[in-house]
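Let me begin by presenting the structure, written as structure tokens, before commenting on it.
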Amino acid sequence: MRTVMWRALIGVLSMVVGVVAAPGQAGADAPRWQWHEEFLTAPDGTRLHADVLRPLGLADDVRTPVIMTVSPYRAHLMHLSEPRPQGGPSTEDLPVSLFLDAGYTYVIVDLRGFGGSNGCPDFGGPGERSDVKTAVEWAAAQPWSTGKVGLNGVSYEAWTGLMGLAEHPAGLAAVASFEPVIDPYAYLYMQGIAWKFSLKPISETGIRPGDFAGFEHLLIASTPPYPTDSAEYKANASSVDPACYSHYIAETTDHDANSAWWRDRDLVEKLRGDTTPLFLGQGFVDYNTRAYRSYELWNALGPGEHKAWFGQWGHRDCTKACGAPQFASELLAFFDKHVAGKDITVPGPRITVGQFDGRWRSETAWPPADSHAVDVDLRPGRYNDRGILPGADREIWTVSQPLEQEQHLAGTPTATLTLDGPATAAVTVEVYDIDPDDHATVITRGIAPVTPTAQVRMLGQDWPIPAGHRLGIRVTDVVDDVWAHPPAFAPVTVTAARIHLPLLATVRTPDLAGGLADSIPKWRNEKTVSLAADLVNNATVTMNFPPRSGG
């Protein structure tokens, strides 16, 4: 079965990725660590593979604190879609040198069914959560460990960090989780409608529906061993239960958020009240793990020395290209205090916020305490749910008068609409920043099925709207490169609609060092459209914005 999946993987990668690494391309520099492998056993008998990286020259009996990444993506032969002709531990995009140079041991553990581990993947389910607990407790008990472990990662590898928090393993001292999956259902679907993911490196435009994610992960799970891998690694990488794969596909393509399978994987409630120090990061313009439920998780945490970065970057941490060079030092200090036990103060505020204007500020809460809902009634009308080609018949605009004072959206807008249309149709609400030349840039958006009273919850953002600009709201059927929605080919009547805009009551003065993240001009370039003057004039209504204090 794995052989069949691997052949499929090669075909997909040849078509989609077209990448063949040149010999010596990766790992050309001599490793800066000493490496050995271990196998550990989960309570259900699953065998997990671990790569253990230690500072060069460090004796085996010297105890160090441990940083760990638990991952589905670290097979020796291939990291995601990038072949690894040198084999060995897969460290791409991990801050291994940062932590080894600071005296840590770095451990990389394969989730069940991936890399050198056997068993069935279960997309954040009880098996994978058990793997994280097993790995942390194993590392904490090793003779080369101080007994304190920190989990670190981005994306799925950030998700496993949150799984660790949910399982409370002995020895887990802190977690850094950037762009995590928090609720895998919300990662793939928004109210039953599949998100579209990019087709990198060919295009970052959304093409692949969320329904394909399970199949893609099984392709990754089917990566063969490296020729020189150990016998157990090879045996684990080659074993699979076909029933496991078919069950995995069936569950990940279920659009029902209320299924027991999906509810069990929602970590917001599992982490409510948690006090283990968490360093959480979420990019507002991330195309992958979108800014949707991160803030629910953040605000559900219990008291503790938590830390967050929320700002204008994509699917990565802020080690580079975010415009804020202090990130790496804050990350290291966070683990130095909570895992290494150093008597230091972690620099930076509790919450670092990167605004869309490229400026940075500190906050004690997000959404901020003075973010309050300003209700705006939207124009009624009718649109056609037909998808495919743009057109005025697919949208209803509501546009404000030019703003007399800067407004600052900080939070998660919501909208309530009274609709008449088929249940197979969709309703999308988008918020725009419209400049004096009628260039409209998407601030945020959300989608829902058409129901008599539809509730649309949009993505979070932190966006100053300058004086002289207008606020625009567009109601439409679907954004074709963002969601996969089969057209209903039917009209939808909007008889009433209201949007709740989270606006800051107090003017902010940015107080942190930092500059323009590279994602901001990219977003403006990709998410800006020119509006006809008559459209703006005909859609203009007076919106009452309360005056802001401070500044």
Side-chain angles (χ1 to χ4, degrees), residues 37-52 66-75 107-142 145 147-153 155-177 180-185 187 214 217-218 220-221 232-233 235-237 239-241 243-245 247-248 250-252 259-274 276 278 297:
E37 297 174 279
E38 299 272 3
F39 288 89
L40 39 150
T41 306
D44 66 355
T46 300
R47 292 284 285 172
L48 304 176
H49 168 262
D51 290 311
V52 180
V66 177
I67 301 297
M68 174 181 287
T69 296
V70 185
S71 176
Y73 299 148
R74 300 288 165 181
V107 179
I108 303 166
V109 178
D110 296 327
L111 279 177
R112 59 182 56 211
F114 294 90
S117 299
N118 67 6
C120 287
D122 66 0
F123 208 55
E128 293 186 5
R129 297 197 298 266
S130 170
D131 292 347
V132 181
K133 181 178 182 180
T134 298
V136 170
E137 292 184 343
W138 169 83
Q142 294 308 297
S145 167
K148 294 291 184 70
V149 179
L151 289 167
N152 177 71
S155 192
Y156 208 125
E157 298 171 347
W159 187 9
T160 58
L162 300 181
M163 294 181 210
L165 285 182
E167 293 298 308
H168 304 289
L172 180 61
V175 173
S177 177
V181 175
I182 291 166
D183 167 9
Y185 176 84
Y187 170 63
H217 279 95
L218 292 182
I220 295 168
E232 182 169 4
Y233 190 111
N236 291 346
S239 64
V240 69
D241 179 357
C244 158
Y245 275 36
H247 178 71
Y248 190 95
E251 297 290 1
T252 55
S259 77
W261 201 84
W262 285 125
R263 289 200 309 270
D264 178 57
R265 286 155 176 75
D266 184 347
L267 292 179
V268 174
E269 288 304 316
K270 293 182 187 299
L271 296 184
R272 187 170 297 279
D274 199 281
T276 303
L278 172 63
L297 171 68

Ion pair D264/K270, N-O distance below 4.0 Å: yes

Side-chain donor/acceptor of R129 to backbone N/O of G164, under 3.5 Å: no

Distance-minimising heavy-atom pair for G214 and T252: CA-OG1, 3.5 Å

Check: T46 side chain, R112 main-chain N or O, donor-acceptor pair, under 3.5 Å: no

By ring pair (Phe, Tyr, Trp, His ring centres under 6.0 Å) - contacts of Y187 (at least two apart): F197

Close side-chain approach of R265 and D122, heavy atoms under 4.5 Å: yes

Min side-chain heavy-atom separation L40-Q142 under 4.5 Å: no

Reported CG-to-CG distance for the pair L151 and L278, which is rounded to 0.5 angstrom: 10.5 Å

Interatomic spacing from CE in M68 to CD in E157 - rounded to 0.5 Å: 12.5 Å

Verdict with reasoning, T160 to M163, per side-chain contact (heavy atoms from CB on, under 4.5 Å): CA-CA 5 Å; T160 58; M163 294 181 210; 4.0 Å; yes

Ring-ring centroid check F39 W138, cutoff 6.0 Å: no

L172 versus T276, closest heavy-atom pair with distance: O-CG2, 4.3 Å

Worked check of side-chain contact (heavy atoms from CB on, under 4.5 Å) between Y73 and I220: CA-CA 7 Å; Y73 299 148; I220 295 168; 3.9 Å; yes

Non-hydrogen side-chain atoms of P169 and V132 separated by less than 4.5 Å: no

Residue pair S117 / L48, side-chain heavy-atom distance below 4.5 Å: yes

Contact check, side chains of D110 and R74, non-hydrogen atoms, under 4.5 Å: yes

Considering all heavy atoms, the nearest A140-V149 contact: N-CG2, 3.9 Å

Heavy-atom check, side chain of E167 versus side chain of S130, under 4.5 Å: no

Exercise: identify the closest heavy-atom pair between P121 and F114: CB-CE1, 3.6 Å

H217/Y248 under ring-ring contact (aromatic ring centres under 6.0 Å, His included): CA gap, chis, key distance, verdict: CA-CA 10 Å; H217 279 95; Y248 190 95; 7.1 Å; no

Shortest non-hydrogen contact from A170 toward E137: N-OE2, 2.9 Å

4.5 Å side-chain heavy-atom contact, V268 and D183: no

Interatomic distance, L267 atom CG to L162 atom CG [nearest 0.5 angstrom]: 6.0 Å

Close side-chain approach of V109 to T134, heavy-atom, < 4.5 Å: no

Euclidean distance, L271 CG relative to S177 OG, rounded to 0.5 Å: 9.5 Å

Main-chain N/O of N152 paired to T69 side chain as donor or acceptor, under 3.5 Å: yes

Distance-minimising heavy-atom pair for S145 and V66: OG-CG2, 3.8 Å

Result of checking Y245, Y185, W159 against F123 for ring-ring contact (aromatic ring centres under 6.0 Å, His included): W159

